[in-house]
Asker: 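Mind looking over this structure? Questions follow.
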Amino acid sequence: MLDIQLLRNDLDGTAARLAARGYTLDTARFQTLEAERKQLQTRTQELQAKRNASSKQIGMAKAKGEDVSAIMAEIATLGDELKVAETALEALQAPLNTLLMFIPNLPHESVPAGKSDADNVEISRVGTPRAFDFVVKDHVDVGAALGLDFETATKLAGARFSLLRGGLARLHRALAQFMLDTHTGAHGYTEVYVPYLVNSDSMRGTGQLPKFEEDLFHVPRTDAEKLYLIPTAEVPLTNMVRDEIVAREQLPLQFVAHTPCFRSEAGSYGRDTRGMIRQHQFDKVELVQLVEPAQSYATLETLTGHAEAILQALGLPYRKMLLCGGDMGFSAAKTYDLEVWLPAQNTYREISSCSNFEAFQTRRMQARFRNDKNKPELLHSVNGSGLAVGRTLVAILENHQQADGSVALPAALWPYMGGVQVLQPAC
RNA sequence: GGAGAGAUGGCCGAGUGGUCGAAGGUACUCCCCUGCUAAGGGAGCGUAGGGUUUAUAGCCUUACCGAGGGUUCGAAUCCCUCUCUCUCCGCCA
């Protein structure tokens with residue numbers, strides 16, 4: 001959520017910055033609603049002030065045993081007038097809030113203009129794609145002999161689910177363990193175990209609601225509010241500080257969690273239908289930091305580096321992309337995507353997305369710290385995948401496959417695999 | 001699932017219809033005193049909005065005592081619904 005003051009003070013400037021990411025702000029509508037809001041709110045507050053003053057008078061008069069019928073008569077119709085004004089104000093604030101909640105974040109000045117991923121800028125390229133002296137198989141074919149089973153998953157749940165057996169299931173677990181240990185041990189994050197179902201306040205806090213409800217799975221309940229399956233651990237991790245004022249000495253907060261993620265993938269029919277690139281359920285190790293505003297862009301760089309460290313340790317070639325305005329997520333001010341090399345697709349595919357949200361999420365959440373003037377100030381939130389476990393597994397199968405159908409595991413994983421260095425077919 | 005108790009400011013804790021945004025304590029900030037990491041004295045100290053303003057200063061004002069409704073001229077206080085916490089019983093990975 002943007003600061004509404006920004007819209008009031010510099011509507012055209014804000015609209016121009018939003019245009020850079022392909023969003024057209026309805027400035028006329030905003031101005032109309034704002035003008036009406038101002039008038040109605042002033043009127044309402046005047047009436048409330050009058051009521052408060054009169055009630056106070058009545059209280060004082062009664063305490064002295066005086067007659068209050070004169071004052072009572074004076075404000076006889078006040079209640080009705082107030083009700084009308086309050087109702088009108090409320091009715092106006094709803095669309096105004098909705099408008100505000102649907103406006104995406106402003107792109108940082110360093111974000112390139114552009115409409116789609118074609119306009120993203122490559123920042124760096126690490127590792128060299130391997131030259132194969134045999135016909136490269138994709139992860140579905142490599143995995144088939146190792147325990148990757150889509151038929152059974154489909155029987156159990158439907159399309160866009162996968163099932164792993166044996167060494168492959170262990171590899172999946174090993175990857176998550178390795179990532180967690182690296183981030184807690186080498187990068188200073190605190191491991192957190194979180195709920196996988198969260199309430200709507202949490203979803204609103206990080207920006208999934210109200211705009212992206214159709215992308216989420218939810219669980220209805222009879223008596224209580226429905227719960228949503230998390231699409232990323234970003235939601236619970238960031239919302240940990242919702243409605244909190246964090247002591248400055250505790251900053252930066254660095255959290256890491258390994259969780260399943262659930263996405264309905266509405267609107268992506270026909271895209272990535274083969275394999276486990278795009279699933280309704282996948283595991284991810286997520287990094288979240290909550291920092292002082294002045295630090296957040298430096299944090300974005302280091303956090304992205306933390307995700308890169310995993311790719312490097314696993315010997316996976318990748319490139320780092322700076323997303324253009326039009327390709328960024330709704331809540332982000334600046335995003336780097338890390339794209340891993342997939343030889344079978346002969347291309348780089350997203351495996352991590354690292355973003356600075358500035359105060360966009362924390363404003364919704366009222367997540368603050370006490371600044372050097374001892375005043376509450378909004379934190380900045382920065383997060384990134386470190387990494388998507390399923391896609392990392394895919395990348396390992398494809399990049400480290402061997403002619404005989406086996407897969408050579410990176411040394412970093414050996415301790416997590418009980419010493420197994422190669423996954424052999426026909427497990 | 002059954003029975004009961006509770007939810008107040010950073011924390012503790014008073015307050016059951018009226019000058020309550022809320023006593024007191026504690027923490028924190030500033031000042032004084034004290035010759036020394038203690039004690040004492042004084043002052044200040046909630047959040048989010050709106051109006052005014054060059055102003056994130058000041059002034060005026062609104063809302064907020066778990067959440068949402070209701071009663072009333074007036075609600076932290078009364079009524080209803082919900083959420084959460086605690087205690088006891090039952091069940092249970």
Side-chain angles (χ1 to χ4, degrees), chain A residues 1-10 30-31 33-94 96-97 99-101 193 195-205 219-228 236 239-251 253 292-294 358-359 362-380:
Chain A
M1 188 166 71
L2 296 181
D3 185 354
I4 194 167
Q5 299 296 352
L6 201 60
L7 295 172
R8 290 188 183 132
N9 296 335
D10 184 18
F30 178 78
Q31 280 174 316
L33 288 171
E34 245 309 279
E36 213 175 322
R37 185 227 100 226
K38 187 166 171 176
Q39 190 262 325
L40 265 174
Q41 183 164 359
T42 305
R43 164 95 180 130
T44 304
Q45 293 190 348
E46 275 170 8
L47 291 170
Q48 286 170 330
K50 192 171 167 191
R51 179 204 58 197
N52 291 347
S54 300
S55 295
K56 198 162 273 189
Q57 273 182 22
I58 291 172
M60 287 190 282
K62 278 201 167 180
K64 291 182 211 156
E66 293 169 2
D67 177 45
V68 295
S69 56
I71 312 173
M72 297 283 267
E74 195 182 319
I75 56 170
T77 59
L78 190 71
D80 292 336
E81 288 177 62
L82 226 189
K83 195 137 234 164
V84 170
E86 279 174 344
T87 307
L89 182 61
E90 224 169 288
L92 186 76
Q93 254 153 2
L96 198 56
N97 283 337
L99 181 69
L100 201 60
M101 291 293 268
Y193 171 79
Y196 304 153
L197 289 163
V198 299
N199 57 32
S200 61
D201 284 342
S202 295
M203 286 298 186
R204 217 181 331 275
V219 179
R221 295 195 295 176
T222 46
D223 273 358
E225 193 191 3
K226 68 183 170 190
L227 294 175
Y228 295 85
N239 275 281
M240 283 167 69
V241 293
R242 173 153 51 84
D243 295 321
E244 301 281 338
I245 299 176
V246 181
R248 200 175 179 204
E249 308 81 69
Q250 292 177 1
L251 300 176
L253 297 175
E292 292 181 42
E358 297 188 1
T362 53
R363 185 171 293 111
R364 293 178 173 217
M365 291 191 296
Q366 285 300 302
R368 295 165 294 172
F369 72 105
R370 289 203 181 272
N371 62 22
D372 48 13
K373 289 177 191 147
N374 211 33
K375 281 284 168 198
E377 185 178 335
L378 294 171
L379 290 159
H380 278 193

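All chains are named by letter (A, B, ...) in the order of the sequence lines, taking the proteins before the strands, and each is independently numbered beginning at 1.
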Asker: Check if the side chain of A:K62 and the base of B:G18 share a donor-acceptor pair of N or O atoms closer than 3.5 Å.
Answerer: yes

Asker: Might you list the N or O atoms of the protein lying below 3.5 Å from N or O atoms in nucleotides 44-48 of chain B, with each pair's distance?
Answerer:
residue, atom, partner, partner atom, Å
B:U47, O3', A:R368, NH1, 2.8
B:A48, OP1, A:R368, NH1, 3.0

Asker: How long is the straight-line distance from CG of A:L7 back to CG of A:L33, given to the nearest 0.5 Å?
Answerer: 11.5 Å

Asker: Please give me the minimum heavy-atom distance between A:A359 and A:H380, naming the atom from each residue.
Answerer: N-CD2, 3.5 Å

Asker: Dot-bracket for RNA chain B, please, read 5' to 3', with Watson-Crick or G-U wobble pairs under 3.5 Å on both distances, ( ) within the strand, [ ] crossing, | other strand, . unpaired.
Answerer: ((((((((.[[[..)..(.....]]].(((((.......))))).(((((((.....))))))).[[[[[..)....]]]]])))))))....

Asker: Within this structure, what is the NZ-to-C1' distance between A:K64 and B:G18, rounded to whole angstrom?
Answerer: 13 Å

Asker: Is it true that a side-chain atom of A:T362 and a backbone atom of A:L378 form a donor plus acceptor pair closer than 3.5 Å?
Answerer: no

Asker: NA contact type, A:Q5, heavy-atom cut-off 4.0 Å: base, sugar-phosphate, or nothing?
Answerer: sugar-phosphate

Asker: Taking for each residue the nucleotide of RNA chain B with the nearest heavy atom, is it A:S54 or A:E90 whose nucleotide lies nearer the 5' end?
Answerer: A:E90

Asker: On a whole-Å scale, what distance lies between the P atoms belonging to B:A14 and B:G24?
Answerer: 15 Å

Asker: Just how far, in rounded Å, is P of B:A67 from CZ of A:R204?
Answerer: 16 Å

Asker: Tell me: CE of A:M72 to P of B:G74, nearest whole Å?
Answerer: 9 Å

Asker: When the C1' atoms of B:U77 and B:G90 are compared, how many Å lie between them, rounded to an integer?
Answerer: 37 Å

Asker: Start with the C-alpha gap between A:N199 and A:S202, add the side-chain angles, then the distance that decides, and say whether side chain to side chain donor-acceptor pair (under 3.5 Å) holds.
Answerer: CA-CA 6 Å; A:N199 57 32; A:S202 295; 3.1 Å; yes

Asker: State, yes or no, whether a side-chain contact exists between A:N239 and A:V198 at a heavy-atom distance under 4.5 Å.
Answerer: no

Asker: Show me the protein contacts with nucleotides 56-62 of chain B, counting only N or O atoms at under 3.5 Å.
Answerer:
residue, atom, partner, partner atom, Å
B:U62, OP1, A:N52, ND2, 3.3
B:U62, O3', A:Q48, OE1, 3.3
B:U62, O2', A:Q48, OE1, 2.9

Asker: Tell me: CD of A:E86 to P of B:G69, nearest whole Å?
Answerer: 11 Å

Asker: Taking B:U26 as the reference, what is the distance to B:G44 when you measure between their C1' atoms (whole Å, please)?
Answerer: 16 Å

Asker: Between A:A85 and A:L47, which heavy-atom pair has the shortest distance, and what is it?
Answerer: CB-CD1, 4.0 Å

Asker: Tell me the interatomic distance from A:L89, atom CG, to B:G49, atom P, rounded to whole angstroms.
Answerer: 15 Å

Asker: When rounded to the nearest Å, what value does the distance between C1' atoms of B:G74 and B:C59 take?
Answerer: 27 Å

Asker: Where do A:L82 and A:Q48 come nearest, in terms of heavy atoms and distance?
Answerer: CD2-CG, 3.7 Å

Asker: From CG of A:L82 over to P of B:U72, roughly how many Å is that when rounded to an integer?
Answerer: 14 Å

Asker: Check the distance between B:A63's P and A:L47's CG and give it to me in whole angstrom.
Answerer: 12 Å

Asker: How far does the C1' atom of B:G21 sit from the matching atom of B:U47, given to the nearest Å?
Answerer: 11 Å

Asker: Between B:C65 and B:G10, how far apart are the two C1' atoms, rounded to whole Å?
Answerer: 16 Å

Asker: Got a second to check how far A:E292's CD is from A:E377's CD, nearest 0.5 Å?
Answerer: 8.0 Å

Asker: On a heavy-atom basis, which atom in A:V241 and which in A:A367 lie closest, and how many Å separate them?
Answerer: O-CB, 3.4 Å

Asker: Once side-chain hydrogen bond (donor to acceptor under 3.5 Å, both in side chains) is applied, do any residues pair with A:R43, and if so which ones, sequence neighbours excluded?
Answerer: A:E81

Asker: Looking only at heavy atoms, what is the nearest atom pair of A:P195 and A:P236, with distance?
Answerer: O-CG, 3.9 Å

Asker: Quote, to the nearest angstrom, the P distance that separates B:A39 from B:C88.
Answerer: 39 Å

Asker: By a strict heavy-atom criterion of less than 4.0 Å, which residues belonging to residues 35-44 of chain A are in contact with RNA chain B?
Answerer: A:R37, A:K38, A:Q41

Asker: Let me know the distance between CD of A:E66 and P of B:G18, rounded to the nearest Å.
Answerer: 18 Å

Asker: Pair A:I75, A:R51 - check side chain to side chain contact (heavy atoms under 4.5 Å, CB included), show working.
Answerer: CA-CA 8 Å; A:I75 56 170; A:R51 179 204 58 197; over 6 Å; no

Asker: For A:Q93, is the CD atom crowded, meaning more than 12 foreign heavy atoms sit under 6.0 Å from it?
Answerer: yes

Asker: Under 4.0 Å between any heavy atoms, over every strand shown, what does A:I75 touch: base, sugar-phosphate, or nothing? Just pick one.
Answerer: sugar-phosphate

Asker: For B:A75 versus B:A22, give the span between their C1' atoms, rounded off to a whole number of Å.
Answerer: 13 Å

Asker: Restricting to pairs with a member in residues 33-42 of chain A, which pass salt bridge (Lys or Arg N to Asp or Glu O under 4.0 Å), not counting sequence neighbours?
Answerer: A:R8-A:E34, A:E34-A:R37

Asker: For A:R204 and A:R364, indicate whether the former's side chain and the latter's backbone hold a donor-acceptor pair under 3.5 Å.
Answerer: no

